[in-house]
Amino acid sequence: LLTTESPPQIRIVQADPGPNPTTDSTGTKAMKSVRPASSPTVARCTLPGHFPARFTSYEHFENHYRKAHLNRCLECDKNFPDEHFLDLHIAENHDPIQRLRMERGEKTFRCILSTCDRVCSTAEKRRLHCIDKHMFHRNYNFLVVDRGITKFSMSMLVRHPARCNSTTTSTSMAESDARS
């Protein structure tokens, strides 16, 4: 089975801004702290997974660290909103025993809510359970369990492209489909 390692440690050091991260004797990358008098940037993150990022407060950096580095899958390097989503992802995508149970048709898809004990036989049944029992929005991004989150998909709602306003009714569309 898979094991998880603790996230890399961040060390805050007083330093002038520079292009390279500070690395100590253990190889741990450090976040550089920039003096506020010279720049509005208070902290920078140079951990892997994105380009170096600058932050105007330590609170912004801590928020970034929780979202971008704390719940990361070591197998595929995808990031998840919390530990429960990471656990679901590992079980459904990287656990060979769980995969065998899925292939046998056993109920292996645990509810997205960590407080619910429901286990479903398919991801679709889990989606319907969450919509019906927990009042999830039908456009909730249920694929986050497989895909994780990125800076482009931080919203948990699926975005649909803008639909054009059409005067075509569903009956006339059905008629055109029947003609094809």
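No hydrogens, no waters, no symmetry mates; every other heavy atom, side chains included, goes into these values.
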Kindly indicate whether the side chain of [X], heavy atoms from C-beta on, has any atom under 4.5 Å from the side chain of [Y].
X: Leu86; Y: Arg72; result: no
X: Thr41; Y: Thr56; result: no
X: Cys76; Y: Asn93; result: no
X: Arg118; Y: Lys133; result: no

>> For the CZ atom of Arg126 and the CG atom of Leu128, what is their distance to the nearest 0.5 Å?
In response: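 Rounded to the nearest 0.5 Å, the CZ-CG separation comes to 11.5 Å.
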Side chains of residues 106-115: which donor-acceptor pairs under 3.5 Å do they make with residues two or more places apart or in other chains?
unit_1, atom_1, unit_2, atom_2, d
Glu106, OE1, Arg101, NE, 3.0
Glu106, OE2, Arg104, NH1, 3.1

Using the test side-chain hydrogen bond (donor to acceptor under 3.5 Å, both in side chains), find all partners of [X] that sit at least two apart in sequence or belong to another chain.
X: His129; value: His134
X: Glu62; value: none
X: Asn63; value: none

>> In terms of relative ring orientation, are His64 and Phe61 parallel, tilted or perpendicular, with 30° and 60° separating the classes?
In response: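 Tilted.
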> Considering all heavy atoms of both residues, which atom of Ile90 and which atom of Cys73 are nearest to each other, and what is their separation?
Replying inline: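 Minimum heavy-atom separation between Ile90 and Cys73: CG1-SG, 4.4 Å.
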>> If you compare all heavy atoms of Asp82 against all heavy atoms of Asn71, which two are closest, and at what distance to 0.1 Å?
In response: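 In this case the closest contact between Asp82 and Asn71 is CA-ND2, 3.3 Å.
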> For Asp117, does the CG atom sit with more than 12 other heavy atoms under 6.0 Å from it, leaving out its own atoms?
Replying inline: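 At most 12 heavy atoms, drawn from other residues, nucleotides or ligands, come within 6.0 Å of this atom.
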>> So, using ring-ring contact (aromatic ring centres under 6.0 Å, His included) as the criterion, who are the partners of Phe80 when residues are at least two apart?
In response: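 ring-ring contact (aromatic ring centres under 6.0 Å, His included) check on Phe80 returns His89.
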>> Taking side-chain contact (heavy atoms from CB on, under 4.5 Å) as the definition, give me every residue that meets it alongside Thr122, ordered by chain and number, with sequence neighbours left out.
In response: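 With sequence neighbours excluded, Thr122 shows a side-chain contact (heavy atoms from CB on, under 4.5 Å) to Glu124, Lys125, given in chain and number order.
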>> Could you work out, with side-chain contact (heavy atoms from CB on, under 4.5 Å) as the rule, every residue matching Ala53, not counting sequence neighbours?
In response: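 Result, side-chain contact (heavy atoms from CB on, under 4.5 Å) vs Ala53: His50, Phe55.
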>> Test your reading of the model: is there a side-chain donor-acceptor pair from Lys78 to the backbone of Asp146, 3.5 Å cut-off?
In response: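 Yes, Lys78 side chain to Asp146 backbone: donor-acceptor pair under 3.5 Å.
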>> Walk me through whether His94 and Arg99 qualify under side-chain contact (heavy atoms from CB on, under 4.5 Å).
In response: CA-CA 8 Å; His94 304 300; Arg99 184 162 312 277; over 6 Å; no
> Linking I/L/V/M/F/W/Y whenever their side-chain heavy atoms sit closer than 4.5 Å, directly or via other members, would Val119 and Phe136 fall into one cluster?
Replying inline: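 No, Val119 and Phe136 fall in different hydrophobic clusters.
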> Taking it one step at a time, do Tyr65 and Cys45 satisfy side-chain contact (heavy atoms from CB on, under 4.5 Å)?
Replying inline: CA-CA 8 Å; Tyr65 183 81; Cys45 176; 5.8 Å; no
>> For a side-chain contact (heavy atoms from CB on, under 4.5 Å) check, start with the C-alpha distance between Glu92 and Val145, then their side-chain angles and the critical distance, and finish with the verdict.
In response: CA-CA 8 Å; Glu92 295 174 20; Val145 172; 3.3 Å; yes
